[in-house]
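Scope of the values below: all heavy atoms of this structure, side chains included, with no hydrogens, waters or symmetry mates.
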Amino acid sequence: MKKLLPYFLLSFFPAVAFGQAKNYKALADTAFNRHEYYTAAYYYRHIVDGTTIESKNSVPLSPNKKSGSKKETTNQYIIYQLAESYRLYKDYTDATIWYTKMSQEGSIEKYPLTPLWYGICLQANGKYDDALAQLKQFAANNQDPKYTTLANKEITSCEYALKQLEHPRAVDVSPLVFLNKDQGDYALTVNLGRYWFTSSRMVDKDKFFTNRIYSSAILDSTKALATNFNVFDKEGQIEYATPSLDGTGTKMYLTRWYKKNGKTVSAIYFSQLASGVWQQPVRLNSTVNAEGYNSKHPFVSADGRRLFFSSDRPGGEGGDDIWESNLDDAGQPKTVSNLGSTVNTPYDEQSPYYDGPDKVLFFSSNGFTGMGGFDVYRSDGDFGHWATPVNLGYPVNSSKDDLYYSIDPTNPNKFYLSSARGSDCCLSLFTGQYKFLYISGRIIDCHTNSGMAGARVILKDPNVKMGLVAKVTDDKGDYVFQVKEKLPSYKLEISQKGYFTKVVPAPLVKPGIDTLINPEICLQNYKVNVPIVIEDIYFDFGNAHLRSESYDVLDKLVAIMSDNPKIKIELGSHTDNIGSDAGNLKLSQARAETCVDYLLLKGIKSTRITAKGYGKRMPIAPNQLPNGKDNPAGRQLNRRTTFTVKSAD
């Protein structure tokens, strides 16, 4: 399991003034206040362990766990700060250990945020049930709306994650084992058959884990070459990352960051390939790189005219937002626009990737409901018109951070992903392949049982207002949908002129089966003002009390009304010839109204239903035999309930 310095913007080992100081708490607090959480954790851990520090040269570049015993009376402040330090540099495994200790020592009153951060760390480790217990405890007792909102958001995410684990998407995700090294590897993209990515691996005489841009013709780390920009940089150590190339492969946009006055600064740069050599990167103008703010994670369109990026500049929704810029002929930004509140949240949105041909934006966010940390989302649309983002689900997303989603240009069903799954801190490169499933079946006529050609079948996800895709049945009445996800909530909406529209659930795929077999579905035809007999509607003798066995039949009528929201119907009731005309007319009207009342209770609007009692005036069979004797079979047919479509528009 990887255990190194955090990925992206955290590769510099902070320069703490050691001198001859023996006050490790002061060193730890100083590092913590400077957001140098790895160093802070190192010193807090020494205090907890009761160990000493030999020299500044002994400060490791990766955590060094001690096996010595802990002091029972360790200050709660030190334990809390240690847990916080681990959490803030994304070592959720170690953070969980120390938050557990905090909760066991009864420190909630003094450190009330402990259950919140403890729950979030448990969530990051995939322990969703335990996380829910901590988060719900916190939400029930906390008085600060800011943190209550955060806790409720993570509660929703934990519940979502548990459902995702129960119904995973049909996709295989696996690490790129031959490209990953022991350090952070991330932001892979493919351009003209070459793989470009970022890695903090050490090369040559490196003394630091330095982020560089690498490329390779094959997915093999031994063939990966660091990109040499031939640049002399007066600002110190150079860190380049997250390359994005245009369709010609000669223009590269990248992120560069460095320390300035003790603060990390990131900005987007541009480099051009000339005579086989990448030129010195040039910082983009202030249209993208707003002074005093960070810009990163560029994505340039194939035509080199549009740039998507992430920035914490003013004018957004809060945190890092996704922005877009139009580029001029020289590759410099001309305009900048925030993608708005549909895509961006008060939290962080990063690593945009825009699929131009299909008009789909992929990006990562920790502000929407997800599995934990950063998840990858998609939003269909274009500038100014973005659909509500949809989580790509498990196993594309995990309980850890998942970023830098990109599509293989030669295979639209293959993608690349950077994920911290399996790591205590660092991103690694993964690839994924969508496995297609099939929803198929046949539409038939309910009366003739023959296949129905030309019926319209719409595949729907109830969580999305619009249909996902529509098909028309062939000559045999058959249809087939190809889907990527094993969703339990797919529905089919089937319609044909002159037939009642029907909405039915699509069957759920079972583990190990990649095809969804849909049984035959029949549609019932109708004509306006032509009555249809409803079978099996029963009343007690001589009154309008509806028997319980009739409810299932009326529920089917409720379904027809729900699936066909434009139709208006008349519910009619008929009797046999026993009794007076007035008595039968009154009884039939009461029975019709009883049926209407049931539909109203089920939510059907009263403006769509009329009750009509016909008494014995409209028999459909003889009440008596030709010899004058009683005809029970005929009278039974006459005691009927009908519904008639009065209008369908």
Side-chain angles (χ1 to χ4, degrees), residues 169-170 357-360 378 380-381 385 387-388 390 412-413 434 436-509 514-532 534 555-569 599 602-605 607-609 643-649:
R169 309 297 170 95
D358 287 339
K359 297 187 181 300
V360 180
R378 64 172 288 163
D380 294 58
H385 303 280
T388 301
V390 176
N413 298 319
Y434 287 103
F436 285 110
L437 309 172
Y438 296 92
I439 298 175
S440 61
R442 176 172 294 180
I443 308 303
I444 62 174
D445 184 293
C446 288
H447 297 292
T448 66
N449 290 326
S450 59
M452 185 182 298
R456 182 178 174 84
V457 186
I458 301 176
L459 179 65
K460 288 188 167 184
D461 176 359
N463 297 318
V464 180
K465 291 183 179 180
M466 298 179 61
L468 300 177
V469 65
K471 298 282 187 180
V472 175
T473 56
D474 62 17
D475 293 341
K476 296 180 180 179
D478 293 336
Y479 63 90
V480 178
F481 290 103
Q482 192 180 63
V483 296
K484 295 181 180 180
E485 305 172 69
K486 298 180 182 180
L487 291 182
S489 54
Y490 282 133
K491 288 187 179 296
L492 300 175
E493 180 183 293
I494 307 146
S495 59
Q496 175 73 296
K497 187 175 181 180
Y499 290 78
F500 290 115
T501 295
K502 182 176 285 188
V503 178
V504 297
L508 176 65
V509 69
D514 283 347
T515 301
L516 305 178
I517 304 299
N518 198 23
E520 290 182 340
I521 300 171
C522 77
L523 295 188
Q524 182 177 345
N525 66 327
Y526 71 89
K527 292 182 180 179
V528 175
N529 291 322
V530 176
I532 299 172
I534 308 176
D555 285 339
K556 294 178 182 179
L557 182 54
V558 171
I560 291 176
M561 297 292 288
S562 299
D563 295 344
N564 299 264
K566 293 183 179 180
I567 67 170
K568 295 182 179 180
I569 69 168
L599 268 63
K602 291 293 184 176
I604 305 302
K605 293 182 179 180
T607 55
R608 299 179 59 199
I609 321 172
F643 77 96
T644 306
V645 176
K646 306 302 290 185
S647 67
D649 298 323

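For the ring pair (Phe, Tyr, Trp, His ring centres under 6.0 Å) test, no residue two or more places apart in sequence or in another chain qualifies with Tyr499. Under the salt bridge (Lys or Arg N to Asp or Glu O under 4.0 Å) criterion, Lys605 pairs with no residue, sequence neighbours left out. By the side-chain hydrogen bond (donor to acceptor under 3.5 Å, both in side chains) test, Lys646 is found to be paired with Asn529, residues two or more places apart in sequence or in another chain being considered. When the side-chain hydrogen bond (donor to acceptor under 3.5 Å, both in side chains) test is applied to Lys602, no partner is found at least two apart in sequence or on another chain. Residues satisfying the side-chain hydrogen bond (donor to acceptor under 3.5 Å, both in side chains) test with Asp563, not counting sequence neighbours, are none.
Of the inter-residue distances, the one linking Ile569 atom CD1 with Leu557 atom CG reads 4.5 Å to the nearest 0.5 angstrom. Distance check: Gln496 CD to Ile443 CD1 gives 10.0 Å after rounding to the nearest 0.5 Å. Put simply, CD1 on Ile444 and CD1 on Ile521 are 9.5 Å apart, with the number rounded to the nearest 0.5 Å. From Thr607, atom OG1 reaches atom NZ of Lys568 across 6.0 Å, with rounding to the nearest 0.5 Å. In this structure, CD on Glu493 lies 11.0 Å from CG on Leu459, to the nearest 0.5 angstrom. Here CD of Glu520 is found 11.0 Å from SG of Cys446. Values are rounded to the nearest 0.5 Å.
Inter-residue side-chain proximity for His447 and Gln524 is flagged as met; some heavy-atom pair is nearer than 4.5 Å. Inter-residue side-chain proximity for Asn564 and Tyr526 is flagged as unmet; no heavy-atom pair is nearer than 4.5 Å. Residues Asp380 and Val390 are not in side-chain contact: their nearest non-hydrogen atoms beyond the backbone lie 4.5 Å or more apart. When side chains are defined from C-beta on, Leu523 does not count as touching Ser495, because their heavy atoms never get closer than 4.5 Å. Counting only heavy atoms from C-beta outward, the side chains of Lys527 and Val645 never approach each other to under 4.5 Å. Contact annotation: the side chain of Ile609 approaches that of Met561 to within less than 4.5 Å [non-hydrogen atoms, C-beta and beyond].
Minimum heavy-atom separation, Ala506 to Leu492: CB-CG, 4.3 Å. Summarising the geometry of Arg378 relative to Val360, their closest heavy-atom pair is NH2-CG2, 3.2 Å, with the distance given to 0.1 Å.
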**Request:** Let me see the working for Tyr479 and Ile494 under side-chain contact (heavy atoms from CB on, under 4.5 Å), right down to the final yes or no.
**Result:** CA-CA 11 Å; Tyr479 63 90; Ile494 307 146; 5.8 Å; no

Let me check something: any side-chain donor-acceptor pairs from residues 448-458 under 3.5 Å, sequence neighbours excluded? List them with distances.
{"from": "Thr448", "atom 1": "OG1", "to": "Ser450", "atom 2": "N", "distance (Å)": "3.3"}
{"from": "Thr448", "atom 1": "OG1", "to": "Ser450", "atom 2": "OG", "distance (Å)": "2.7"}

